[in-house]
Amino acid sequence: MSNDKILGIVVIARHGDRQGFYQDPDSYTASATSITPLGEKQESQLGSLLRSLYLDASSPTYIQGISNSTSLFQQSQVAVRADAGGEGGVIFDSAVALLQGLWPPTPLSSTILANGNNITSPLNGYQFVPIESVEPNEDVSLEGFTSCNTLNDHIAAFYDSPAFLEKANQSASFLSQLHSYLDGRAVTLENMIYDYMNVQSIHDANFASRLPPTFLARARDLANFHEYGVFSDSQANGIGNIAARTMLPSILTAFQRIANASDPLRLHYSSISYKPFLSLFNMTGLVQSGEVEAGIVNYVAAVVFEVRQPASGDEPVLRFNFKNGSDDTSFHSHDLHFSGWNGDGDVPLATFINAFQPVAVNTTLDWCNVCGQTTDRGCAALLGASSFGSHHDRISPVGAGFLGAGLTAAVMLAALGVLLFLGFLTFGRGRRNAKDSHARVHSDAGSEAA
């Protein structure tokens, strides 16, 4: 396959090292936290590695037709999305740091003015790569696992399962030894204990010296069991896989765009938490085959799907590569195993799409129904609108936002009409103050329909 051409890549990467945070063990609602300088460094290094593999024209894995490492970033060739949900700015900031390594400052980022002055972008030619900030209340694609009632039921059932109760009984003695290290936190298998221990072992020298040598690894083993049990399912369309199922539409669309010779897209990157990785590994048979561990991926873990054109001229294929964090020095290719594919080498693109398109959660309305949600994340408006007829067009998150806004506007206009009729409100001339709005993120609205 050495003569294959790489048409483009789809990158999925976890955020870098961060400060500690808490997430509810029943609903996975999370507190905000912050990325650390270590996390920023890790992400930048990952970006540099991707640059050397895929943007260097002399690399055997160079993406055909992409603006190479000696040129400026080309916006039409790249799409970047970052989860802006429960962990605050950590995931978005991780994307910023990775992109700094992927497209570092360059003197080429400059312009010559009419007066002859040569002006270089700030920070010695910083390249500003647009990032779509994916807000969970407006777009469920990168965080489909929160506010999902049926997932909450799945979690409760897992906690009541014989396997979980047996693991809790087996680990009770170990957990009882952790009280003095957890600063008053609840010590149960249901409650996540590993994250606090991991963060402290990295950033608190006193804690790291006090913690017995085997305790962190044993806590990690319990956390792996806990998280994989929550974010996996026996069936591809099971609710335990919701974290990956909501991501599938944007991933599959990216594959199709990259394979389309008339579409300029060459690199699609999603910055996410660890949860979708577990569901994706479960759905693609990587855990069942023993190729990947059933557990939490490390900080800066990354999956790269290469969209390849075989030298034979046959249809494009996918190659799955995984690198589990900064301690893993390189990407490793893995065979996928799923219904319709036996795990032998690169997967024909059509085979992958045909297998996973039916289990994808394509619209916010679909998510509302799958998750049994009737109020949050725009579901009240969407479900109300759907009750007017039996025909439902596909609605992107952006379209769902317009729909929700339209319904809200209709209600407000009706209220204003009542107030005007009763004489409580009048309209007249007044002064208006215009304020500039400085957006944190610039993206093309509707560029991703998920």
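Numbering starts at 1 and runs along the sequence shown. Any value given below was found using the heavy atoms of this structure, including those in side chains, with hydrogens, waters and symmetry copies removed.
Contact annotation: the side chain of Asn282 never approaches that of Ser279 to less than 4.5 Å [non-hydrogen atoms, C-beta and beyond]. Side-chain contact check for Ile12 versus Met247: some heavy-atom pair is nearer than 4.5 Å. The side-chain heavy atoms of Arg51 and Pro104, taken from C-beta on, include a pair separated by under 4.5 Å. At a threshold of 4.5 Å between non-hydrogen side-chain atoms, the residues Asp335 and Glu291 count as touching. In this structure, the side chains of Leu72 and Thr106 come closer than 4.5 Å at one or more pairs of heavy atoms. The shortest distance between side-chain heavy atoms of Arg308 and Lys5 does not fall below 4.5 Å. Counting heavy atoms from C-beta outward, Ser273 and Ile91 have side chains that approach closer than 4.5 Å. Residues Gln256 and Ile353 are in side-chain contact: their nearest non-hydrogen atoms beyond the backbone lie under 4.5 Å apart.
Without hydrogens or angle criteria, Asn298 side chain to Ala301 main chain gives no donor-acceptor distance under 3.5 Å. Checking side-chain atoms of Glu43 against main-chain N and O of Gly16 turns up a donor-acceptor pair under 3.5 Å. Looking at Thr29, its side chain never comes within 3.5 Å of a backbone N or O of Asp24 through a donor-acceptor pair. Asp328 places a side-chain N or O within donor-acceptor distance of the main-chain N or O of Asn324, the cut-off being under 3.5 Å. Within the 3.5 Å criterion, the main-chain N or O of Ile6 finds no donor-acceptor partner in the side chain of Gln64. Listed for the His268 side chain is no donor-acceptor partner under 3.5 Å among the backbone atoms of Arg266. With hydrogens and angles disregarded, a donor-acceptor distance shorter than 3.5 Å links the side chain of Asn241 to the backbone of Gln235. A donor-acceptor contact shorter than 3.5 Å is absent between the side chain of Gln373 and the backbone of Trp367. Judged by distance alone, the side chain of Ser171 and the main-chain N or O of Lys167 form a donor-acceptor pair under 3.5 Å.
Between the side chains of Arg220 and Tyr194, at least one donor-acceptor pair of N or O atoms lies under 3.5 Å. Side-chain atoms of Ser141 and Arg81 include a donor-acceptor pair closer than 3.5 Å. Side chain to side chain, Ser333 and Asn321 meet the donor-acceptor criterion of an N or O pair below 3.5 Å. Inspection of the Ser121 and Ser109 side chains reveals an N or O donor paired with an N or O acceptor under 3.5 Å. One side chain, Glu293 or Asn224, offers a donor N or O that lies under 3.5 Å from an acceptor on the other. For Ser44 and Gln42, the side-chain atoms include no donor-acceptor pair closer than 3.5 Å. Side-chain contact check for Asp4 and Gln309: no donor-acceptor pair (N or O, by modelled atom type) lies under 3.5 Å. Looking at Asp17 and Thr36, their side chains do bring a donor and an acceptor atom within 3.5 Å of each other. For the residue pair His337 and Gln288, no side-chain donor N or O sits within less than 3.5 Å of a side-chain acceptor on the partner. Side chains of Ser71 and Asn68: a donor on one and an acceptor on the other come within 3.5 Å.
A tilted orientation is assigned to the rings of Phe322 and Phe277, their planes being inclined by 30° to 60°. Using the six-membered ring where Trp is involved, Phe231 and Tyr274 have ring planes that are perpendicular, over 60° apart on the 30 and 60° scheme. Classification of the Tyr159-Phe164 ring pair by plane angle, with boundaries at 30° and 60°, yields tilted. Below 30°, between 30° and 60°, or above 60°: for His226 and Tyr28 the angle between ring planes is between 30° and 60°, a tilted geometry.
The shortest heavy-atom contact between Leu278 and Glu227 is CD1-O, 3.5 Å. In terms of heavy atoms, Leu265 sits closest to Ala79 at CD1-N, 3.8 Å. Considering every non-hydrogen atom in both Leu151 and Val230, the closest pair reads CD1-O, 4.1 Å.
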**Report entry** Stepwise side-chain contact (heavy atoms from CB on, under 4.5 Å) check, Tyr196 with Asp183
**Finding:** CA-CA 9 Å; Tyr196 175 80; Asp183 195 25; 3.4 Å; yes
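Using a cut-off of 4.0 Å between Lys/Arg side-chain N and Asp/Glu carboxylate O, Asp346 and Arg319 are scored as salt-bridged. With salt bridges taken as basic N to acidic carboxylate O contacts below 4.0 Å, none links Arg377 and Asp139.
Counting heavy atoms of neighbouring residues, nucleotides and ligands inside a 6.0 Å radius, atom CG of Asn118 exceeds 12 of them. The 12-atom threshold is exceeded at CG of Asp263, counting heavy atoms of other residues, nucleotides or ligands nearer than 6.0 Å.
No cation-pi contact links Arg210 to Tyr181, judged by a cut-off of 6.0 Å to the six-membered ring centre and 45° from its axis.
Of the residues listed (Tyr54, Phe356, Phe320), the one engaging Phe305 in a ring-ring contact (aromatic ring centres under 6.0 Å, His included) is Phe320, and it is the only one. Just one residue in the list Asn191, Leu175, Val187 forms a side-chain contact (heavy atoms from CB on, under 4.5 Å) with Leu182, and that residue is Val187.
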